[in-house]
Colleague: 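One structure coming up, written as structure tokens, with questions to follow.
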Amino acid sequence: MYYVNDKPHVGHAFTTVAADVMARWHRLNGEKVFFLTGTDEHGEKNQKAAETNGLTPQQYVDGLANTYKDVWKCLNISYDAFIRTSSPSHEAAAAKFIEMMNKSGDIYKGEYEGWYCVPDETFFTDFQLAGGKCPDCGREVKKVKEESYFFRLSRYQQRLLDHYSDNPEFLSPELRSGEIKNRVKAGLRDLSITRASIKWGVPFPLDRSRTVYVWVEALVGYLSGIGWPNGDSGSIWPADTHLVGKEINWFHSVIWPAMLMSAGLPVPKRIFAHGWWTVDGKKMSKSIGNIVDPVGMVKKYSADPFRYFLIREKPLSEDGDFSDKAMVTRINGELVDDLGNLVSRTVTLASRFNGPISGKPELESYLRLERINGLMARFDPFGALEEIWSFIRSTNKYVNDKAPWRLQGSELANALYNLAEACRIISILISPFMPDTSAKINSQLGVGAGMLEDCRFGEFRGRITKGEHLFRKVA
RNA sequence: AGCGGGGUAGGGUAGCAUGGAGUGCCCGCCGGGCUCAUAACCCGGAGAUCGGUGGUUCAAAUCCACCCCCCGCUACCA
């Protein structure tokens with residue numbers, strides 16, 4: 001789920017494409033998948049932005065939510081539900097959730113005290129101040145006291161730590177787990193969960209003159225998005241994975257599980273915090289004007305190559321750099337030259353052959369399916385693509401070694417059989433990453449869409465017809 | 001400052017837990033082969049004091065100590 005205040009950029013596209021790839025992979029494996037995304041729409045920023053634009057907050061976020069949906073359509077995202085936190089069903093779910101926390105005795109009225117930077121509209125703790133001044137702008141801050149309701153987050157310190165040690169997968173990737181554990185060990189402060197001054201939000205059910213702190217209510221979106229507390233949400237929850245940016249890891253790895261424990265609900269199995277993109281080596285920012293627009297990328301390179309690049313260029317967990325140069329290298333080298341060319345030479349050779357394409361498997365040992373599966377299970381689609389491409393390269397080598405253009409009869413049929421089956425299997429394996437391309441390969445091979453279990457060398461049943469190249473070179 | 005991650009050929013990475021010849025992969029570069037394929041494909045080669053110093057060891061990229069440099073997180077803007 002994304003906090004909407006502008007149209008999505010590469011970072012958003014990355015998260016969503018990665019989630020889509022994982023969702024498609026599990027469907028390919030015959031598993032039942034529920035893929036939820038959506039938009040977090042409340043908060044002061046949108047309230048103000050709406051005023052500036054002469055719209056109601058609702059009108060303003062309606063526009064943004066539609067923009068998100070359009071971009072996901074353009075990227076071929078196969079989500080099952082799209083939750084909007086300004087929807088009535090979400091507000092009802094959030095209110096219900098808070099009442100459950102209250103029943104556990106975890107909500108109390110207190111006083112929030114902090115330093116407020118008026119021009120930045122931001123609160124700071126003592127610790128964050130830079131020499132008594134605002135750490136962002138360096139101006140004076142003033143002490144503010146506000147009556148507020150609190151969530152007894154401090155109560156959950158030990159339960160969280162126990163949960164982390166009992167479920168090592170929960171804090172993913174491993175490199176992130178240390179910082180969360182240590183901070184939790186250092187102690188948790190209770191969390192102020194209401195705002196008196198912000199109107200654009202979910203009314204706080206215990207005192208409707210206030211709204212619920214946006215974050216707290218947005219997290220409940222993971223439940224309201226699957227229809228909780230109604231419907232068959234019980235068969236979907238707990239979520240297998242929440243895929244989030246590393247900057248919001250704290251909310252997902254600490255606050256959210258504590259909230260769920262308080263409400264007496266199961267905790268998701270894994271929080272995966274992914275890394276960020278820089279652009280041409282620089283941080284993406286409006287002031288530099290280097291924000292990468294995914295729609296522009298799709299127009300320029302089309303959806304599949306862009307999706308491929310996002311996953312192939314860096315591991316999910318790491319930071320990486322986005323550049324047109326890197327994009328061109330990947331497309332020309334790996335999509336056009338490795339994959340496109342393999343399919344092209346296979347299809348050309350096969351379409352000149354009249355007899356039945358059959359033989360005995362000779363490429364099986366190069367296909368490390370278990371390893372690929374394992375990498376995907378560990379949430380490493382980057383590593384999985386590396387393995388898939390290793391198979392593609394081995395298959396290209398096989399063409400050179402066999403030199404089918406010099407063969408005839410059964411020897412030729414055998415070589416073609418291996419190539420056709422390899423292409424069919426490759427098509428299945430890449431389908432979660434590049435669904436359109438996979439369909440193109442299938443149509444040239446004359447086979448239907450396969451499942452993961454069909455990634456075995458069997459009998460080749462397709463009828464091959466040479467078609468267009470899968471990709472075009474880019475400059 | 002505290003906590004966390006990282007520094008491996010021109011660039012990007014894997015390897016490090018359970019030490020064993022600098023071993024692998026991708027891009028780039030040089031040379032060769034092939035001609036089915038969008039000058040694509042295949043093979044070979046050059047290129048690294050594995051951040052630095054010291055230590056443990058028969059043996060260290062890998063273990064230990066200290067140092068240098070990069071990056072992230074530090075909770076109520078989301």
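Throughout, protein chains are lettered first and strands after them, A, B, ... in sequence-line order, and every chain is numbered starting at 1.
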Colleague: For residues 3-15 of chain A, which residue pairs qualify under salt bridge (Lys or Arg N to Asp or Glu O under 4.0 Å), counting only residues two or more places apart or in two chains?
Modeller: A:D6-A:K286
Colleague: So what does A:S192 touch, heavy atoms closer than 4.0 Å: a base, only the sugar-phosphate, or nothing?
Modeller: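 Touches a base.
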Colleague: Has A:Y398 got a side-chain N or O lying under 4.0 Å from the OP1 or OP2 atom of B:C41?
Modeller: no
Colleague: Could you say whether A:F382 or A:P404 is positioned toward the 5' end of RNA chain B, judged by the nucleotide with the nearest heavy atom to each?
Modeller: A:F382
Colleague: For the P atoms, the ones on B:C64 and on B:A9, what distance do you get once it is rounded to whole angstrom?
Modeller: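 So the two P atoms sit 22 Å from each other.
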Colleague: If only side-chain N and O atoms of A:N341 are considered, is one of them under 4.0 Å from the OP1 or OP2 phosphate oxygen of B:C41?
Modeller: no
Colleague: Could you tell me whether A:D190 contacts a base, only the sugar-phosphate backbone, or nothing, with contacts defined as non-hydrogen atoms closer than 4.0 Å?
Modeller: base
Colleague: By the 4.0 Å heavy-atom rule, please label A:D40 as base, sugar-phosphate, or nothing.
Modeller: sugar-phosphate
Colleague: Can you sort out the partners of A:Y108 under ring-ring contact (aromatic ring centres under 6.0 Å, His included), two or more places apart, ordered by chain and number?
Modeller: A:F150
Colleague: Which parts of residues 157-171 of chain A get close to RNA chain B, meaning a heavy atom less than 4.0 angstrom away?
Modeller: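 Per residue number, the list is empty: none.
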Colleague: For residues 468-475 of chain A, dump all side-chain donor-acceptor pairs below 3.5 Å to protein atoms at least two apart in sequence or in another chain.
Modeller:
unit_1	atom_1	unit_2	atom_2	d
A:K473	NZ	A:D337	OD1	3.2

Colleague: Kindly point out which of B:A78, B:A37, B:C41 is positioned nearest to the side chain of A:N396?
Modeller: B:C41
Colleague: Rounding to an integer number of Å, can you tell me how far A:K402 NZ sits from B:A37 C1'?
Modeller: 19 Å
Colleague: If you measure from the Lys or Arg side-chain nitrogens to the Asp or Glu carboxylate oxygens, is any gap between A:E44 and A:K48 under 4.0 Å?
Modeller: yes
Colleague: Base, sugar-phosphate alone, or nothing: which one does A:V399 contact when heavy atoms must sit under 4.0 Å apart?
Modeller: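 Touches a base.
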Colleague: On a whole-Å scale, what distance lies between the P atoms belonging to B:C71 and B:U57?
Modeller: 38 Å
Colleague: Rounding to an integer number of angstrom, what distance separates B:G54 and B:A17 when you compare their P atoms?
Modeller: 23 Å
Colleague: Is the shortest side-chain heavy-atom distance between A:W389 and A:E386 below 4.5 Å?
Modeller: no
Colleague: Please classify the nucleic acid contact of A:G187 as base, sugar-phosphate, or nothing, using heavy-atom distances under 4.0 Å.
Modeller: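 A:G187: base contact, heavy atoms under 4.0 Å.
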Colleague: With a 4.0 Å limit, can you tell me whether A:K473 has a side-chain N or O closer than that to the phosphate oxygens OP1/OP2 of B:A40?
Modeller: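 Indeed, a polar side-chain atom of A:K473 lies that close.
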Colleague: Which residues satisfy the side chain to side chain contact (heavy atoms under 4.5 Å, CB included) test with A:P168, sequence neighbours excluded?
Modeller: none
Colleague: Got a list of protein N/O to nucleotides 25-34 of chain B N/O distances below 3.5 Å?
Modeller:
unit_1	atom_1	unit_2	atom_2	d
B:G33	N2	A:N400	ND2	3.2
B:C34	O3'	A:R406	NH2	3.1

Colleague: State whether A:F382 and A:R312 meet the cation-pi test: NZ (Lys) or CZ (Arg) under 6.0 Å from the six-membered ring centroid, and within 45° of the perpendicular axis.
Modeller: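 So A:R312 does make the cation-pi contact.
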Colleague: Rounding to an integer number of Å, can you tell me how far A:F322 CZ sits from B:G12 C1'?
Modeller: 17 Å
Colleague: Which listed nucleotide (B:A40, B:A75, B:A37) is nearest to the side chain of A:R345?
Modeller: B:A37
Colleague: Which value, in whole Å, describes the distance between the C1' atoms of nucleotides B:A39 and B:U13?
Modeller: 28 Å
Colleague: From the options B:A78, B:A75, B:A37, select the nucleotide whose nearest atom is closest to the side chain of A:R189.
Modeller: B:A75
Colleague: Taking only the C1' atom of each, what is the distance from B:G22 to B:G15 in whole angstrom?
Modeller: 11 Å
Colleague: Taking B:A78 as the reference, what is the distance to B:G6 when you measure between their C1' atoms (whole Å, please)?
Modeller: 28 Å
Colleague: Without decimals, in angstroms, what is the distance between A:L339 CG and B:A37 C1'?
Modeller: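 The distance from CG of A:L339 to C1' of B:A37 comes to 13 Å, rounded to the nearest Å.
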Colleague: Does A:D40 pair with A:R84 as a salt bridge, N-O distance under 4.0 Å?
Modeller: no
Colleague: Consider the side chain of A:K397, meaning its heavy atoms from C-beta on, and name the nucleotide among B:A78, B:C43, B:A75 that approaches it most closely.
Modeller: B:C43
Colleague: Check the distance between B:U13's P and A:E313's CD and give it to me in whole angstrom.
Modeller: 9 Å
Colleague: Looking only at atom P, what distance separates B:C25 and B:G44, rounded to whole Å?
Modeller: 9 Å
Colleague: Would you measure the distance from the C1' atom in B:G12 across to the matching atom in B:C50 and give it in whole Å?
Modeller: 15 Å
Colleague: Which heavy atom of A:V212 sits nearest to which heavy atom of A:V216, and what is that distance?
Modeller: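 Of all heavy-atom pairs spanning A:V212 and A:V216, the closest is CG1-CG1, 4.0 Å.
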Colleague: Can you tell me how far P of B:A39 sits from CG of A:N332, to the nearest Å?
Modeller: 12 Å
Colleague: Nearest of B:C41, B:A37, B:C3 to any side-chain atom of A:R352?
Modeller: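 Selected nucleotide: B:A37.
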Colleague: I'd like to check the side chain to side chain contact (heavy atoms under 4.5 Å, CB included) partners of A:A186; sequence neighbours left out, ordered by chain and number.
Modeller: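 For A:A186 there are no side chain to side chain contact (heavy atoms under 4.5 Å, CB included) partners, ignoring immediate neighbours.
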Colleague: Only Watson-Crick and G-U wobble pairs with both distances less than 3.5 Å should count. Give RNA chain B in dot-bracket notation, marking inter-strand partners with |.
Modeller: ((((((((.[[[[[)....(..]]]]].(((((.......))))).....[[[[[..)....]]]]])))))))....
Colleague: So do the side chains of A:T194 and A:T211 get within less than 4.5 Å of each other, counting heavy atoms only?
Modeller: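 With C-beta onward as the side chain, the pair stays apart.
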Colleague: Can you tell whether the side chains of A:E334 and A:R330 come within less than 4.0 Å, N to carboxylate O?
Modeller: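 Salt bridge present between A:E334 and A:R330.
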Colleague: Protein-nucleotides 71-73 of chain B N/O pairs closer than 3.5 Å?
Modeller:
unit_1	atom_1	unit_2	atom_2	d
B:C73	O2'	A:R183	NH1	2.9

Colleague: Quiz question: by atom type and distance under 3.5 Å, do the side chains of A:S148 and A:Y213 form a donor-acceptor pair?
Modeller: no
Colleague: Mind checking if A:R472 touches a base, just sugar-phosphate, or nothing, with heavy atoms under 4.0 Å?
Modeller: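 Here A:R472 touches the bases of the nucleic acid.
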Colleague: Which residues satisfy the side chain to side chain contact (heavy atoms under 4.5 Å, CB included) test with A:K199, sequence neighbours excluded?
Modeller: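 Here the qualifying residues are A:Q47.
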Colleague: Give the rounded distance in Å between these two atoms: CG of A:L64 and C1' of B:A78.
Modeller: 14 Å
Colleague: Of all the heavy-atom pairs spanning A:V61 and A:S86, show the shortest one and how long it is.
Modeller: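 Nearest pair, atom of A:V61 first, then A:S86: CG2-OG, 4.1 Å.
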Colleague: Can you tell me the distance, in whole Å, between the CH2 atom of A:W250 and the P atom of B:C77?
Modeller: 15 Å
Colleague: Using whole Å, what does the distance between atom P of nucleotide B:G4 and atom CD1 of A:I180 come to?
Modeller: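 Value for this atom pair: 13 Å.
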Colleague: List the residues meeting ring-ring contact (aromatic ring centres under 6.0 Å, His included) with A:F14, not counting sequence neighbours, and say none if there are none.
Modeller: A:H274, A:W277
Colleague: So A:L342, base contact, sugar-phosphate only, or nothing? Heavy-atom distance under 4.0 Å.
Modeller: nothing
Colleague: Partners of A:S262 by side chain to side chain contact (heavy atoms under 4.5 Å, CB included), sequence neighbours excluded?
Modeller: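 For A:S262 the side chain to side chain contact (heavy atoms under 4.5 Å, CB included) partners, ignoring immediate neighbours, are A:M101, A:S104, A:D106, A:F151, A:Y156.
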